[in-house]
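Report on the following structure.
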Amino acid sequence: MQQSVKRITILGSTGSIGTQALEVVRDHPTVFKVAVLSALKNSTLLIQQALEFKPAIVVICDESKYIEVKDALFGLDIKVLAGEVALSEVASYTDSDVVLTALMGSVGLKPTIAAIKAGKNIALANKETLVVAGELITQLAIENQVKILPVDSEHSAIFQCLVGEEQNEIEKIYLTASGGPFLGKTKDFLSTVKKEQALKHPNWVMGAKITIDSASLMNKGLEVIEAKWLFNLDVDQIDVIVHPQSIIHSIVQFTDGSMKAQMGVPDMKLPIQYALNYPDRLKNNFKRFNFLEYPNFSFLKADMETFRNLGLAFTSLRKGGNMPCILNAANEIVVEAFLKDKIGFLQMSEVIEQCMEEISFIEKPQLSDYLETDKHSRILAGELVTKSIV
């Protein structure tokens, strides 16, 4: 039973996850109250959201748009801040219960750390935070007695399957992958694909970056790394299986061979709502699953030879240290380059692999090491992209 209104900070409110989270808030006005909203550049939508939800604070990271946002909200009891540094400031805002980190990329690292140190539970949609510095983040969460509640559909599925199973040992988890728009395609086909093709995901509606990651299977690779830290697993306990229907969101196998799966229609609002209101479930009007609409489920082995990003992610996880940080930073650069038609689809993996080979490996990195690794990896990836011929 809901005891009181939950005050929500949404970092990245104008993106895909952020806007869907606000739909959940809109549907449950007596359950949730928006405390803080932030956007990277989309000042127009941020202003609209602020006018509707009346948060105490809004942050526009693009400082050139600060005056526009401040003027639009003049006369309202809303504090307006600007700049990336402000994200860490508002992440620890006292009058907030849950921080939804829906920022894209490694920019979410510092605000997440700030929120954890402030004792805020984290609804984590920013997988890159755990990819870049999973050991650091999970240790901080333990020290500050903070819950990290996964928002990714796959990790939410695992999390839901583990409720009530705290005393039972996990043998293996299976992260399901849709296969994206290029399921079954060859390297010859992929060598000529353009962003317009890669952005047409068959099942999910997501932002551009994560959609490209899904097409290259890098998204699943990042999820493998995230799962390791969320559920304290060895790499050999994590497997990926392609499930084109995207109905089974992931599976847990226990040591007795029993398996639990979480199922449902592809809709990110369900894991968002679950994370924001955990441990209570909320009644909603989301579309319900109908078995008769899906008479067959199919499963395939992930093709890591054609889609090399998934293999690179496993390699980085086995190596440990700052290697996943290198992988993530290089990937952010190549995806941006691909979206700008500066690099080919298959070349993304080549650049990432070269960065993993050339950037200095640090076995036990500190926060400063992660930040330096991120910076140097981006510089090298950018240089490699410039040398590439599409």
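- Open room surrounds NZ on K185; 12 or fewer heavy atoms of other groups in view lie less than 6.0 Å from it.
- Ring geometry, F297 versus F289: the interplanar angle falls from 30° to 60°, so the pair is classed tilted.
- With respect to the salt-bridge test (charged N to carboxylate O, under 4.0 angstrom), the residues D62 and K41 do not qualify.
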Self-check item: Derivation and outcome, side chain to side chain contact (heavy atoms under 4.5 Å, CB included), residues Y93 and R7
Solution: CA-CA 10 Å; Y93 177 56; R7 299 160 300 178; over 6 Å; no
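- Using a 4.0 Å cut-off between a side-chain N of Lys or Arg and a carboxylate O of Asp or Glu, K194 and D341 do not qualify as a salt bridge.
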Exercise. Would you sort out whether I173 and L175 count as a side chain to side chain contact (heavy atoms under 4.5 Å, CB included), showing the intermediate values?
Key: CA-CA 6 Å; I173 68 166; L175 296 174; 4.2 Å; yes
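- Side chain of Q245 to main chain of S298: a donor-acceptor pair is present (N/O by atom type, distance under 3.5 Å, no hydrogens or angles).
- Using cut-offs of 30° and 60° for the angle between ring planes, the F307 and F345 rings count as perpendicular.
- Among the candidates N328, L371, L367, N322, the single residue satisfying the side-chain contact (heavy atoms from CB on, under 4.5 Å) test with V132 is N328.
- Here the side chain of S214 pairs no donor or acceptor atom with the backbone of I210 at under 3.5 angstrom.
- Cation-pi geometry between K319 and F361 is met: the NZ or CZ atom falls under 6.0 Å from the ring centre, inside 45° of the normal.
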Self-check item: side chain to side chain contact (heavy atoms under 4.5 Å, CB included) assessment of D27 paired with N284
Solution: CA-CA 8 Å; D27 289 342; N284 57 50; over 6 Å; no
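- Under the 4.5 Å side-chain criterion, counting only non-hydrogen atoms from C-beta, Q262 is not in contact with F159.
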Practice problem: Any chance you could lay out the side chain to side chain contact (heavy atoms under 4.5 Å, CB included) test for L183 and L300, step after step, and finish with the verdict? | Solution: CA-CA 10 Å; L183 177 61; L300 303 163; 4.2 Å; yes
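- At a threshold of 4.5 Å between non-hydrogen side-chain atoms, the residues D267 and Q20 count as touching.
- For the pair E166 (side chain) and G164 (backbone), a donor-acceptor distance under 3.5 Å is present.
- Ion pairing between a basic and an acidic side chain is recognised when a charged N comes within 4.0 Å of a carboxylate O; K220 and E154 show such pairing.
- Residues L276 and L282 are not in side-chain contact: their nearest non-hydrogen atoms beyond the backbone lie 4.5 Å or more apart.
- By the neighbour-count criterion of 12 heavy atoms within 6.0 Å, atom CD of E143 is densely surrounded, having more than that number from other residues, nucleotides or ligands.
- Between the side chain of S38 and the backbone N or O of G12 there is at least one donor-acceptor pair closer than 3.5 Å.
- With S377 contributing its side chain and D374 its backbone, the two residues share no donor-acceptor pair below 3.5 Å.
- Linking Ile, Leu, Val, Met, Phe, Trp and Tyr residues whenever their side-chain heavy atoms come within less than 4.5 Å leaves L45 and F53 in two separate clusters.
- Looking at heavy atoms from C-beta onward, K228 lies out of side-chain contact with V235 at the 4.5 angstrom threshold.
- Under the 4.0 Å criterion applied to side-chain N and carboxylate O atoms, K127 and D152 are assigned as salt-bridge partners.
- When hydrophobic clusters are built by joining Ile, Leu, Val, Met, Phe, Trp and Tyr residues whose side-chain heavy atoms come closer than 4.5 Å, directly or via intermediates, L40 is not grouped with L11.
- Salt bridge present: K375 and E372 bring a charged side-chain N and a carboxylate O closer than 4.0 Å.
- By the 6.0 Å contact criterion, CD on Q253 is enclosed, its count of non-hydrogen atoms from other residues, nucleotides or ligands being greater than 12.
- Between the E332 side chain and the S106 main chain, a donor and an acceptor come within less than 3.5 Å of each other.
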Self-check item: salt bridge (charged side-chain N to carboxylate O under 4.0 Å, His left out) evaluation trace for D97 with K33
Solution: CA-CA 10 Å; D97 303 305; K33 171 77 172 72; over 6 Å; no
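- Annotation: side chain of I148 is in contact with side chain of I137 (closest heavy-atom distance under 4.5 Å).
- Among N331, V385, I212, the one residue that satisfies the side-chain contact (heavy atoms from CB on, under 4.5 Å) test with M348 is I212.
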